[in-house]
Amino acid sequence: RKLIVLPTGIGEPKQLTDNKTDHRNSAWLPDGKSIVFSAAEPGHEVRTYLLNLEGRSPRALTPEGTVGSVVSPDGRFLLARDAEGKRWLYPMDGGKPQSLDLGIKPDEVVMGFSTDGKSLRVRARSIPVEIFNIDVASGHREPWKEIIPTDPAGAQMVFRILFSADGKSYAYSVSRVLSDLYVVDGLK
């Protein structure tokens, strides 16, 4: 699979990487000039790279087997997870990663950083969706928001939730299973 940037409004699509890597996910950095993406080169495990869109070659941010696409609001750190499920903060400019043990539960999903970058937002895989802020420095957890589908009938799961930059507005999608039950009398 290729990694391609599609312009909005003008210009032509631009292929950013070759066809030899198997891309898994990507995310823009806040400056809009770089992206992170996870890919596996032939014969290697998946890892995360940083790519400056001004023509530089991708630079590996994480070791093989460690991936992430959650970038801090200031663009200085990448949150990644290794094969054992341990989370790490990787500096974008290089350097030693910092272990991040925040007590995130196995059934929780990291959504991203809070707008000030001081907390991680995590959500439960439940309906209603409970969202918590976990302070990166102290590990203190507190409820932030609860999202209940406007029509909960048949709701099985709330998929990805996207928030506006200020965190006041959001959009989400819901998986539903709706069916009809019929009772028939008098069959022989």
Strictly distance-based, threshold 3.5 Å: is any side-chain N or O of E64 a donor or acceptor partner for the main-chain N or O of E45?
yes
Might you work through the side chain to side chain contact (heavy atoms under 4.5 Å, CB included) test for V122 and L102, ending with a clear yes or no?
CA-CA 11 Å; V122 299; L102 299 175; over 6 Å; no
Donor-acceptor under 3.5 Å (S34 side chain, L29 main chain):
no
How long is the gap from CZ on F77 to CE on M92, to the nearest 0.5 Å?
9.5 Å
So R87 and V110, do their side chains get closer than 4.5 Å, heavy atoms only?
yes
What distance separates K145 NZ from K168 NZ, expressed to the nearest 0.5 Å?
10.5 Å
Does L78 belong to the same Ile/Leu/Val/Met/Phe/Trp/Tyr cluster as V67, with side-chain heavy atoms less than 4.5 Å apart forming each link?
no
Candidate list V70, N25, L50, test side-chain contact (heavy atoms from CB on, under 4.5 Å), partner V36, passing option
L50
I would like to know whether L162 and Y172 meet side chain to side chain contact (heavy atoms under 4.5 Å, CB included); could you show each step before the answer?
CA-CA 6 Å; L162 299 173; Y172 61 89; over 6 Å; no
When rounded to the nearest 0.5 angstrom, what distance separates CG in N133 from CG in D116?
8.0 Å
Can you see which heavy atom on V129 is nearest to which on A124, and at what distance?
CG1-O, 3.9 Å
Over 60° means perpendicular and under 30° means parallel, so classify the ring planes of F37 and Y49, tilted if in between.
parallel
Closest contact, heavy atoms only, D31 versus K33
OD1-N, 2.8 Å
Donor-acceptor under 3.5 Å (S164 side chain, S169 main chain):
yes
If you look at every heavy atom in P91 and L61, which pair is closest and at what distance?
O-CD2, 4.2 Å
Can you name the nearest heavy-atom pair linking R59 to G94, along with the distance?
NH1-N, 4.1 Å
Rounded to the nearest 0.5 Å, how far apart are CD of Q156 and CD1 of I127?
7.0 Å
Quick one: does R176's side chain have a donor or acceptor within less than 3.5 Å of a partner on A153's backbone?
yes
The reported gap from CH2 in W144 to CD1 in I131 (rounded to nearest 0.5 angstrom) is 6.0 Å
Salt-bridge test for R76 and D74: reply yes if a basic N is under 4.0 Å from a carboxylate O, no otherwise.
yes
How far apart are the closest heavy atoms of M111 and F163, and which atoms are they?
CE-CE1, 3.3 Å
From L89 CG over to L79 CG, what is the distance, rounded to the nearest 0.5 angstrom?
6.0 Å
Measuring only between side-chain heavy atoms, which start at C-beta, is I147 closer than 4.5 Å to R123?
no
Heavy atoms from other residues, nucleotides or ligands near CG of D107 exceed 12 (cutoff 6.0 Å):
yes
Report yes or no: does S114 contribute a side-chain atom to a donor-acceptor pair with the main-chain N or O of S119 at less than 3.5 Å?
yes
Check T62, T66, D82 against W88 for a side-chain hydrogen bond (donor to acceptor under 3.5 Å, both in side chains) and give me the one that passes.
D82
Between P30 and S72, which heavy-atom pair has the shortest distance, and what is it?
CG-O, 3.7 Å
